[in-house]
**Student:** 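My questions all concern the structure below.
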Amino acid sequence: MTDTRFDPSQADARWQRAWEEAGTFHADSNSAKPKSYVLEMFPYPSGRIHMGHVRNYTMGDVLARYKKMRGYEVLHPMGWDAFGMPAENAAMEKGVHPGGWTRENIANMKSQLKRIGFALDWSREFATCDPEYYGHEQALFLDLYKAGLVYRRQSEVNWDPVDMTVLANEQVIDGKGWRSGAEVEKRKLDQWFLKITDFAEDLLDGLGALDNWPEKVRLMQENWIGKSTGLEFSFDLSNGDRVPVYSTRPDTIFGASFVAVAADHPVAQGVAAGNPDAAAFIELCKRGGTTAAELETAEKLGFDTGITARHPFTGAPLPVFIANFVLMDYGTGAIMGVPGHDDRDFEFATKYGCPILRVIAASAEAAGDPMSEAETGDGICVNSDFLDGMSVEEAKAAVNARAEAEGWGKGTTVWRLRDWGVSRQRYWGTPIPFIHCGTCGVVPVPKDQLPVTLPEDVDFKTPGNPLLRHPTWKHTTCPNCGAAAERETDTLDTFVDSSWYFLRFASQPADKPFDRDEVAKWLPVEQYIGGIEHAILHLLYARFWTRALQHIGQLDFAEPFASLFTQGMVTHETYSRVVGGRTVYFLPEEVERTGNGATLQDDRQPVEIGRVIKMSKSKKNTVDPDNIIDTYGADAARWFMLSDSPPERDLPWSEAGIEGCWRFVQRLWRLFGQVGAGGAGADAGEDKALDRKTHQTVAAVAQDIEALGFNKAVARIYELTAAIEKAAPSASRSNAIVTLVHLVAPMMPHLAEEAWSTVGGGGEGLIADAAWPEVDPALLVDDQVTIAVQHMGKLRDTLTAPKGASKEDLEAMALASEKVQRSIDGAAIRKVIVVPDRLVNIVT
RNA sequence: GCGGGUGUGGCGGAAUGGUAGACGCCGGGGACUUAAAAUCCCCUGAGGUUUCCCUCGUGUGGGUUCGAGUCCCACCACCCGCACCA
């Protein structure tokens, strides 16, 4: 090896070519080896790869390469989540076609990914906007329809009356359309739904078996599914109607002081018909946000209908309100208000003067205590007739039993989970394969006519759904009767696309979505890696879709992802100045970081250093992976992604940090050049301490990689590197260096290949195909251990003892310590605690 | 608002209830060099002491324990999700 520096600008591409030519990362479905499916969430082709992608894919890549070295047949695919709104936005803003824009982005991002040297099987690549892919998706959708899991019903959307278009929640800002600024209305449309609620119980139960999912993701899903048990009963109204309500707290029924119904509840509609004020109030509720967050934080508003409801036990008349915080979608769309024991009811009652009654208290004596806030905790029933003295749980059961016995109510399970609305009134998505016929109704497109492809000739000059206004596309004939009919112009939610892509990666027949047997070979995914932002929707939908396919007999398993890992974001500090009262941000590459400040390169004047936050275009705190790779090569960038921060936490990018990684790449390169100095690699044993360190590191790094503790693996590699550098030349040292090449191979594959091809005359083949080093268990244990000696729990001395020394010996050694004796200072020893191989604590 | 998470030196972080700060970054000092880059060595939680050590210290306040960053209770701060962004 003559070069003193590793040059990634020529080595990276050379090894990437070598892997490609050898088909190194091609996954063979017929392999006899044990399989491992490593998957990172596929990206939306926004145009450029960002550091978050690099981090996500580097983690998966290290695992995939490591698994391969451990003898697994690894499937590590990549593709594109290519449908979605940004492409339509680009079409509107730049006058480009969504398809062309997307294809161009994919090409750019693919070449970016290739430069990082990921061990991907590119032969399985696809984009969800490929007619082949979405055609199969349409077929699956029809299968689910046939199984009764797809239906249509009316549902509300955000309607922008100026742009004449449906808006996503994120396009509604303070109740106004993001483009038009017009007040957003709620409008009812016929929409397609998937019956995810049929699987609510199963999706909930399934969480229990997902041991290798983060606890917090399981909890989030559990809360999302939101199983609750309560009582459903009806109030008799003074106008002769009956209104069913649902409550999870029937034990507090004697504390009910009002009844509230949702704005779109039939009772509300009935009142509005004869009362313009009520109608106006309902209109008010329809404006403003629809999201749960907005409803919860918005001021509680109500309209007193003048109607009263008869309390089922006391017969007392309770006022009936229309309220903005009651949701038609949840329960029965009506509630009994118990201000004493529900936060929202308390706020509402305070505002509208309803009585706040205490019906739960810590003890019977506290029954008369005043209430300054809602008390939602446990206690016993008071002021509650026959419930007095019962616990909350007893009272719930007692009220339910009484209601059922008397026939005016019944115990019910209610789910927060709602059916999945998949209709989108947009162009750039999978067309929903149905036809509307004047005589036959809604008719599925026959499978032999799939895919229903998107028309190419569309314009985005006017707002609204281009499919709806396309001159010819929607006109067709009914497959049933042959009469003129119209195509469905809604497209599918892009979450449908990402609910089965992992199946298509595993198996790609031309004539069907996937082959059941081939899928069974690869699935479930051993390790799925992605952002926490997908903790609920994507992961829940994918779990549902898999169950739905199992239900209709197309799959043999229910859970697609055996292990899940959610990685943190890549963050960066921000650089800004206030110019004319406005904050102007600067890119890191425009800024020079000095000691504890920063200056703009253009004018040498200081800029303000802001908080370290998620990289975002608006704050300009982004770093382009291409620039980093141009400067430092792929391996330094990969190493940075793995160093320091635990993978589940945020990773702050810094120029100094990547410089450090670059120095380490070169440091390794110099060390790798020293194989053979002091003897050939075959005979270790000359340097027992180094042998031990080497084997301990191999075992620890393996363990860390398998637990995705990359930052710990990195720290151990630094330690071994330092130990080798300090060691005198020997066969042990040469062995250690060759081992080190293996250890870094999954993380810095280009450097490792370059070293492998040259060390000690050159290794056999590619190191990507090499086996992970064997560990000698005898070398994992040290024969000497350091014992901490404490007096009253405080460290006073340390001593070295043979491993496995007896408690008596350790105690004697500890008491012999001068420092310890000085600390004890003649006090009587009451107790000595000895933890073998760890510590001695003397208690006086 | 509801749900979830996080908090340890100047910074990122490490630590089966058992030596807090491994490892990296920044910073300081030195070696090499005509000089620089690169590289190598040493120091680097705070305070006291002055080369022997001592005291304090893991968001805050309590508690359990021989011993708490770790377990329990209460609080504070920040971050994420909330169903049409992906």
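In what follows, chains carry the letters A, B, and so on, assigned in the order in which the sequence lines appear, proteins first and then strands, with residues in each chain numbered from 1.
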**Student:** State whether A:Lys819 places a side-chain N or O below 4.0 Å from either non-bridging phosphate oxygen (OP1 or OP2) of B:C53.
**Tutor:**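 Checking B:C53 against A:Lys819, a side-chain N or O does come within under 4.0 Å of OP1 or OP2.
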**Student:** Within 45° of the six-membered ring axis of A:Trp669 and under 6.0 Å from that ring's centre, is NZ or CZ of A:Arg5 located there?
**Tutor:**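 That pair does not qualify as a cation-pi contact.
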**Student:** If the condition is side-chain hydrogen bond (donor to acceptor under 3.5 Å, both in side chains), which residues does A:Lys819 pass it with, not counting sequence neighbours?
**Tutor:**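 Once residues adjacent in sequence are excluded, A:Lys819 has no partner under the side-chain hydrogen bond (donor to acceptor under 3.5 Å, both in side chains) criterion.
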**Student:** Which parts of nucleotides 18-24 of chain B does protein reach within less than 4.0 Å, heavy atoms only, written one letter per nucleotide 5' to 3' as B for base, S for sugar-phosphate only and - for none?
**Tutor:** BB--BSS
**Student:** State the syn/anti category of B:G29 according to its glycosidic angle, syn meaning within 90° of 0.
**Tutor:**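 Here B:G29 takes the anti form, which means its glycosidic angle is more than 90° from 0.
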**Student:** Below the 4.0 Å mark, does B:C40 have OP1 or OP2 next to a side-chain nitrogen or oxygen of A:Arg670?
**Tutor:**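 For B:C40, OP1 or OP2 has a side-chain N or O of A:Arg670 closer than 4.0 Å.
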**Student:** Side-chain N or O of A:Arg822 versus OP1/OP2 of B:C52: is the shortest distance under 4.0 Å?
**Tutor:**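 For A:Arg822, the contact criterion (side-chain N or O under 4.0 Å from OP1 or OP2 of B:C52) is not met.
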**Student:** Do the rings of A:His538 and A:Phe495 sit parallel, tilted or perpendicular, given the 30° and 60° boundaries?
**Tutor:**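 The rings of A:His538 and A:Phe495 lie parallel, inter-plane angle below 30°.
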**Student:** Measure from CG on A:Asp825 to P on B:C54 and round the result to the nearest Å.
**Tutor:**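 In whole Å, B:C54 P and A:Asp825 CG are 13 Å from each other.
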**Student:** Could you check if a side-chain atom of A:Asp837 sits within less than 4.5 angstrom of a side-chain atom of A:Val785, using non-hydrogen atoms only?
**Tutor:**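 In short, these two side chains touch, coming nearer than 4.5 Å.
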**Student:** Using a strict threshold of under 4.0 Å (side-chain N to carboxylate O), is an ion pair present between A:Glu215 and A:Arg218?
**Tutor:**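 Yes.
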**Student:** I'd like a list of close polar pairs between nucleotides 4-11 of chain B and the protein, N/O only, cut-off under 3.5 Å.
**Tutor:**
residue : atom : partner  : partner atom : Å
B:G7    : OP1  : A:Arg649 : NH2          : 2.9

**Student:** On a whole-Å scale, what distance lies between the C1' atoms belonging to B:G69 and B:G21?
**Tutor:**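 One C1' to the other, the span is 11 Å.
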**Student:** Distance between the P atoms of B:C78 and B:A83, in whole angstroms?
**Tutor:**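 Their P atoms lie roughly 23 Å apart.
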**Student:** Is the cationic atom of A:Arg152 (NZ for Lys, CZ for Arg) positioned less than 6.0 Å from the six-membered ring centroid of A:Trp192 and within 45 degrees of its normal?
**Tutor:**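 That pair qualifies as a cation-pi contact.
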**Student:** Can you name the atoms? Protein N/O to nucleotides 48-51 of chain B N/O, anything below 3.5 Å, with the distance.
**Tutor:**
none

**Student:** Where do N or O atoms of nucleotides 84-86 of chain B meet protein N or O atoms at under 3.5 Å, pair by pair?
**Tutor:**
residue : atom : partner  : partner atom : Å
B:C84   : O4'  : A:Arg424 : NE           : 3.4
B:C84   : O4'  : A:Arg424 : NH2          : 3.3
B:C84   : O3'  : A:Asn169 : N            : 3.3
B:C84   : O2'  : A:Asn169 : N            : 2.4
B:C84   : O2   : A:Arg426 : NH2          : 2.6
B:C84   : N4   : A:Gln191 : OE1          : 2.9
B:C84   : N4   : A:Ser423 : O            : 3.4
B:C84   : N4   : A:Gln425 : OE1          : 3.3
B:C85   : OP2  : A:Asn169 : N            : 3.4
B:C85   : OP2  : A:Glu170 : N            : 2.9
B:C85   : O4'  : A:Glu170 : OE1          : 3.2
B:C85   : O4'  : A:Glu170 : OE2          : 3.2
B:A86   : O5'  : A:Thr494 : OG1          : 3.3
B:A86   : O3'  : A:Asp81  : OD2          : 2.5

**Student:** Please list each protein N or O that sits under 3.5 Å from an N or O in nucleotides 73-78 of chain B, with the distance.
**Tutor:**
none

**Student:** Answer yes if the ring centres of A:Tyr133 and A:Trp500 are under 6.0 angstrom apart, and no otherwise.
**Tutor:**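 Yes.
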